[in-house]
Amino acid sequence: MSFAALGAGLAVIGAGIGIGQIGGKAMDAIARQPEAVGDIRANMILTAALVEGAALVCMVLAFFVKAAG
Amino acid sequence: MYFCSRFEKAFSNEDRMAFRKLWIILILSSLCTWVSAQHEAAAPQPDATEAHAEHATEAHEAGEAGSHAQHEADGPCGRSVHVEEEFNAGDNAVHHITDANAIHIVGDLYFNLPCILYAPKHGFKFTTTAAFEAKHHGIGEVAQDRYVLIHGNVMRATDESGFPMGTVTVDDYTTRDSIVNGKDKTLYYAVVGGQCYPLESKTTWDGGIMGGGITSYYDFSITRNVFTMLFTGLLLFFLFRAAAVAATRNTGQAPRGLQNFLEPFVTFIRDEVAKPSIGPKYEKYMPYLLSAFFFILGLNLIGQVPFFPGSGNVTGNISVTFTLAILTFLISTFSAKRHFWEHTLWMPGVPALLKIFILTPIEVLGIFLKPFTLLLRLFANITAGHIVVLSFVSLIFIFGNAGQSVGGSVAGAASIPLTLFMMTLELLVAFLQAFIFVMLSATYIGSAIEEPHHH
């Protein structure tokens, strides 16, 4: 049991909430304006990728902490 | 790159988009997934049976020891690599996603690749993995100038150990876990004539963070990953040459066949990625974006195929994604205009103290963080997908003593649909990650070359 693993898990919780919000809001937006589905989807994927990036940085830091410590 | 751009130019006519034909990809890919899932789930079983039989005979020979066979085999340098350990899902997964010097086809059959090895005092050595005479589990029986092959990877006996040069038959290899400089390491030894010699892994430049370090030799070999990259590159070259030739010949006609298959991708990257993200000067960056997209997509898809020409986990290798991200970084940084640097280093309309202490450091960090997340995203997504597939396959071995008991059969039956599901998901991820990589590259380039808006 290491704190690095715990940190990686916490980062994933944050990213999960973030991506969930993005997906949920995108669904809302598509329901309101079905004709804008293409634009909404492209932006949704882009934003989700950015949130994912933050989580990945945390996970790699956790990995380095575990490998170095 | 050349053919990509030529192909793209030949198809500026938008009427010819044929998105309907995407169904062909769907059918092809689901077929591939089915076949590969079948293969992955089914293949380890005969191997495991064999391993079990071996284990049984060894245990038998060791007398009544039974499960203590491993302890009895422990010599002064650890246990022999030929003794089957208890199945370890983590090690199994890592072994299958890492690079190797030879490609394992089936059983004791290997696709041998050239080795280019360099040791500072001994110069270059050119050979192939065939010279090591690899048998079961990619363990070579012969040492060549202190180089040996263990689990499909080249290792080298240290210079200090006094291991004989030239061609030497190795009796056995042993391994043991040890703590070196406060870190857990698995050490390997070659046993010749009852004496054991420590072995080194190839040099890595990460200073030991990922477990490597500076050792006595460098490995420039055409490994499994390099082979897969060359293979994919050639495949893409011939595909796009054929499509480009067809495109120039049939100007003004509806596209057919291969051309019709590739064209929607090209127009998609141009119309949905490059034009909105980069702006009017998008044409200059199209060759890079298209090449990156098809290269990543090709490698992702080939990495999904678990048998011979595939099986190389290339986009799940951090060095490869690192190189791709460096390309994006160089292109976006070197094409950056005054406007970009002004807004990065000295944001107008913000108090000077705020700029010096907060904004500028964050923005400068951001320049390097952007390609960093780019490389991590691709690496982590592909690796995670492969590990999950391997874990589902490992379920069989974990539950049922190498697939021989009822528990193993039940877990095996359950793991086939799970693997199938995961590989279908990975197929989506393969396209998605190639798209996201190109999309974000285009966004970074777009923000770098943005012209100031005149207010």
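None of these values were measured; they are calculated from a predicted model. All chains are named by letter (A, B, ...) in the order of the sequence lines, taking the proteins before the strands, and each is independently numbered beginning at 1.
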Checklist entry - Would a 4.5 Å heavy-atom cut-off, applied to side chains only, mark A:I45 and B:M439 as touching? => result no
Checklist entry - Which region of B:I436, side chain (C-beta onward) or backbone (N, CA, C, O), has a non-hydrogen atom less than 4.5 Å from a non-hydrogen atom of chain A, or is it both or neither? => result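 Side chain only.
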Checklist entry - Is it the backbone or the side chain of B:L432 that comes under 4.5 Å from a heavy atom of chain A, or both, or neither? => result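 Only the side chain of B:L432 comes within 4.5 Å of chain A.
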Checklist entry - Can you tell me if B:R377 uses its side chain to pair, donor with acceptor, with the backbone of A:A49 under 3.5 Å? => result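 Indeed, once roles are kept as given, a pair shorter than 3.5 Å links the two residues.
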Item to check | Pairwise distance CD(B:E272) to CZ(A:R41) - rounded to 0.5 angstrom | outcome: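 CZ of A:R41 is found 9.5 Å from CD of B:E272.
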Checklist outcome for this item: To the nearest 0.5 Å, atom CG of A:L50 lies from atom NZ of B:K370 at 10.5 Å
Checklist outcome for this item: Looking only at B:V273, B:N381, B:L369, most heavy-atom pairs under 4.5 Å shared with chain A are made by B:N381
